[in-house]
Amino acid sequence: MKSVLVIGGGIAGIQSSLDLANRGYHIYLVEREPSIGGHMALLDKTFPTNDCSMCILAPKMNECNAHPNIDILSYSEVMDLSGNAGDFTARVQRKARYINEEKCTGCGDCTAKCPSKVPNEYNGNLDKRKSIFLPYPQAVPRVMTIDREHCIYLTKGKCGNCKKVCNAGAVDYEQKDTFVDLNVAAVIVATGFDMFDPTHMQEYGYGKYANVITAMEYERMICASGPTGGHLETAPDKEHPGKIAFIQCVGSRDLQHNPYCCSVCCMHAIKESILAREHYEDIKPYIFYTDLRAVGKGFEEYAVRGEKEYGIKYIRGRPGQITEDASTKTLTVWYDDTVNRKVKGLEVDMAVLCTSLIPAKGSDKLAAILDIELDEYGLYKSRDELTAPLDTRRPGVFIAGYCQSPKDIPESVAQGSGAAARATEVAGGAYI
Amino acid sequence: MKDEPRIGVFVCHCGTNIGGYVDVPSVVEYARTLVGVVHAERNTYTCADDGLTAIKKAIKDHNLNRVIVASCTPRTHAPLFRSAVADAGLNPYLFELVNIREHCSWVHMKEKEAATQKAKDLIRMGVARTALLEPQEEIRISVTPSALVIGGGIAGMTAALSIANQGFKVDIVEKDSEMGGMLRYLNDLYPGGRKASLVMDEFIGKVKNHPKIEVHTSSTIKKVDGYIGNFTVSVQNEKVPLDIKTGIIVVATGADEFKPVNLYGYSGSGNVLTELELEERLKNGSLQKLDSAIFIQCVGSRGEGRSYCSRICCNVAIKNSKLLKQTFPEADINILHNGIHAYGTYEKMYREAQELGVGFRKYSKEKPPEVTVDGERMRVKLYHELMGREIEYTPDIIVLSTPLIPHPENGDLSRMLKVPLGQDGFFLEAHVKLRPVDFATDGIFLCGSARAPADIIESINQGYSAASRAAIPLMNGYVQAEAITAVVDETKCIGCGYCASICPYRAASMNEKTVVAEEVSYITRKSYINPALCKGCGTCAAGCPAGAITPNHFTLPQIMATIKAFQQPGAYIYDRIKA
């Protein structure tokens, strides 16, 4: 059986893996995080149908886990790739998670007894998780991970609660990082993106004003399984906001930061506005946009419905500043009204920054390891951006999803499948 | 199955997930009292190795013929337990998972006694159902190892080349006399500005030289029979009709450019052009001199009647405006728009056009530009939002960016293939998010502008994507049909055809049958459900007015037994339900 290495367990990598596994290839699905799922696992709903994101993703994550042809190597990273198309050797570092993956059943008894609490990055740092944790209840594989930076036993040699309560005997403080060499015929890179950090953009006061949050944090807050149980909370009294401003293109379409358009933020702002209204009828959502780019199938209709049925107010303009009333914590969004040609201020209770989706951390390092190129934005460069979008300069190494160019979920799925087709062509020896 | 049920029940603690809120030992004790249950035990984790071993051992030791695991969700764990049961020699469909975690302990953490009682109720209901389970067989359907691609544009050629490179014969059916589709009418392509003819010739060359691809030009589809793995497609060309047997079908029929007759002074001649007509002039070099050009965006889209955004037109206009500005640097070129949709990295092209001096002027939906054509002289009036006043242009040419619209023949093709069109007239995929190039009907795939407006890169991406999806059954050589399917009792079927009209997978159809009754015989219609296509959703069974359809594994007696067991707390009597 021929093998293919898929790097990145988001929706694009999952699609590549399933397409290849279902035709009889063996897949090594390498994921840097403890669970596959990528960013889609952190979203509440998806546009333009408002399908629950996890509900449509989890079956695919589970299918990967249960598939006899797929080995998920989570909490792992590719360190080297030698050889040529049809016969590569990939060296993968399996980071110590201090848990025997074979024994752990994911029951969570250890988490309940762990005294160490740290900010939960899977909930936008809006709540705390334990040092021995599952990122979220639907995590795949359903195996615990010990955060070596924060575990009291691993840092101070005390505690050991998790090991004491684990009936499965899965906790192993002595575990070391290991390396495995994999022989594969082709490689698919689907490493997605990271979120731009707007802290240094002083004009918007993120990190300084309590009620300025990012869209990713908003996704977690509005999600029923998130840190607030789906309630939108504002400072100081945890009331839900009356008015929300969504600020588009924060860090994107901006020569100081990322010149490109992220392709998805207009749509997720519309979706998040609609969700706000579905949770609280009295919320008034405002979207400050540059161009409202609703270009996908059914998107324009969704944008129109947002205005007509959910009362979204679209305001064309990029706000110059957000100010805060220190006592009430309400915000004023200052913007150019391009219709009346005046500088205006809109008072809101919450401002959501729709921040740029930027190349995944470590893309440059991985590009060097794989000997593929980055483009001017730091995304992976296609061999020919027009006619060979899925190919890289290294034969047998393909790219799919956001890491190739900005795109939404269905386009990422399409490329995930497409890269699987290219990998099959190579593995079968018909490389053209 | 006529043998008496011998059911084994395995109750999982799931660490404290269940065990912390449900009194598992008492649930096990209760399960032992249920009629049909010959063995019950509890496991710390039934899904762990020792739990699975316990199931296999109990099947042997107690001669079990049915197994229940009371634990978590079948979504994640049913496949694991089914295979354990199969390892021990039982048919895997004689297994039932009762969810006492998501449906019980997790939602009743503060009411332990009630949670324990509910777990008992759920298990009693599961036992009632399980006693009536029957073995199911998983059938395999063989697949003809070849593909048929409808449409020889960039998406169809990409799909065909990839399927052929993966080792399978491909027939391309193209209605025109030449392949190339929309590429034949384009001048140059974005991004990069390569000549469309160069790209087209490269692809056509590869297709024509590929030993596994056969091209049928000037050919149309007349009839489609069969199902995944076994389609027969009747193709008509100038010479002879042809029947092609194929395992899968890819729809890559593209789209047309909307001709905006009577909008903005467009008449089909003169100097009000569509983007394609501009491409033609650029291609044949007939545009020799230009002082001023106006592009108007969203002509015939994003409004009444045609509500969608055609995705590609902003980028097409930007590409063409750049070319005009480079060719005629002194010319005044303006794009009148309602938002520039240069998404993704096309933003760069937008910026380059601005740097070259192309003007981008926004109009509002309420006040669109006005065009008057008086012989050779044309005027465009625009209410400029930022300046707050009207401005006027007298361009040499006006270019109308009109949407891609679905082919008029999509309706016929969708009926022949039994695949749906969306409200906008484009083909409708199985799931907008996660199955962008599949149809709900197995074995038929979709790519390019037949699905929704797409540019060259997107059409190529989707062509590969469809090729990947299509190659799965081809490479396997078979498809594993769903074991849980619906069956028709022909003696009850009244031939109304309701099942065929509501089946989302087009598995139900009406066949003519000769019925012989004593001295007379007559022809009538009876429903047939193709097990190769049926997904076991049960829609037909719920809809059948005659009660003639039974979904296997979810039969009426099985469902009724579950409900009756719910109504009967205390020890449950299997025989009473059976009667």
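Quick note: numbers below take in every heavy atom, side chains included, and nothing from hydrogens, waters or symmetry partners. As the structure is a computational prediction, the values presented were derived from the model and not from experiment.
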Inset, instruction - Verify salt bridge (Lys or Arg N to Asp or Glu O under 4.0 Å) between A:Glu411 and B:Arg311, making sure each step is shown before the conclusion. - result: CA-CA 14 Å; A:Glu411 291 177 277; B:Arg311 187 174 178 100; 2.9 Å; yes
Inset, instruction - Name all pairs fulfilling the side chain to side chain donor-acceptor pair (under 3.5 Å) condition that reach into residues 470-480 of chain B, sequence neighbours left out, sorted by first residue then second. - result: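 Sorted pair list: B:Arg140-B:Tyr478, B:Arg140-B:Gln480.
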Legend entry - Heavy-atom check, side chain of A:Glu425 versus side chain of B:Ser162, under 4.5 Å: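 Touching, per the 4.5 Å side-chain cut-off.
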Inset, instruction - Please check if any side-chain donor atom of B:Thr44 sits under 3.5 Å from a side-chain acceptor atom of A:Asn167, or the reverse. - result: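 There is no such pair between these side chains.
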Legend entry - A:Asp291 and B:His337: side chain donor to acceptor below 3.5 Å: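 B:His337 and A:Asp291 do not have a side-chain donor-acceptor pair below 3.5 Å.
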Legend entry - Face-on cation placement of A:Lys103 at B:Tyr45 ring, 6.0 Å and 45° thresholds: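 Output no; distance or angle outside limits.
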Inset, instruction - Using non-hydrogen atoms and a 4.5 Å limit, figure out which bit of A:Gln15 sits close to chain B: side chain, backbone, both or neither. - result: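 Looking at A:Gln15, just its side chain touches chain B.
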Legend entry - side-chain contact (heavy atoms from CB on, under 4.5 Å) evaluation trace for A:Asp51 with B:His431: CA-CA 10 Å; A:Asp51 270 325; B:His431 189 282; 3.1 Å; yes
Inset, instruction - Any chance you could lay out the side-chain contact (heavy atoms from CB on, under 4.5 Å) test for B:Phe203 and A:Thr387, step after step, and finish with the verdict? - result: CA-CA 9 Å; B:Phe203 274 77; A:Thr387 60; 4.0 Å; yes
Inset, instruction - Output, in order, the C-alpha distance, side-chain angles, deciding distance and verdict of side-chain contact (heavy atoms from CB on, under 4.5 Å) for A:Asp384 and B:Arg194. - result: CA-CA 11 Å; A:Asp384 180 326; B:Arg194 220 170 305 170; 2.9 Å; yes
Inset, instruction - Give a yes or no on whether the backbone of B:Tyr464 and the side-chain of A:Arg422 come within a donor-acceptor separation of less than 3.5 Å. - result: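 Judged by distance alone, no pair lies under 3.5 Å.
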Inset, instruction - Check the pair B:Glu385 / A:Arg341 against salt bridge (Lys or Arg N to Asp or Glu O under 4.0 Å), numbers first and verdict last. - result: CA-CA 9 Å; B:Glu385 265 190 347; A:Arg341 299 173 303 287; over 6 Å; no
Inset, instruction - I would like to know whether B:Ser307 and A:Glu300 meet side chain to side chain donor-acceptor pair (under 3.5 Å); could you show each step before the answer? - result: CA-CA 7 Å; B:Ser307 57; A:Glu300 175 73 15; over 6 Å; no
Inset, instruction - Please report the closest heavy-atom contact between A:Leu386 and B:Ile460, naming both atoms and the distance. - result: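 That would be O-CD1, 3.4 Å.
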Legend entry - Shortest non-hydrogen contact from B:Ser468 toward A:Gly418: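 Heavy atoms only, the tightest pair is CB-N, 4.5 Å.
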Legend entry - salt bridge (Lys or Arg N to Asp or Glu O under 4.0 Å) evaluation trace for A:Glu301 with B:Arg302: CA-CA 8 Å; A:Glu301 293 86 339; B:Arg302 298 178 70 200; over 6 Å; no
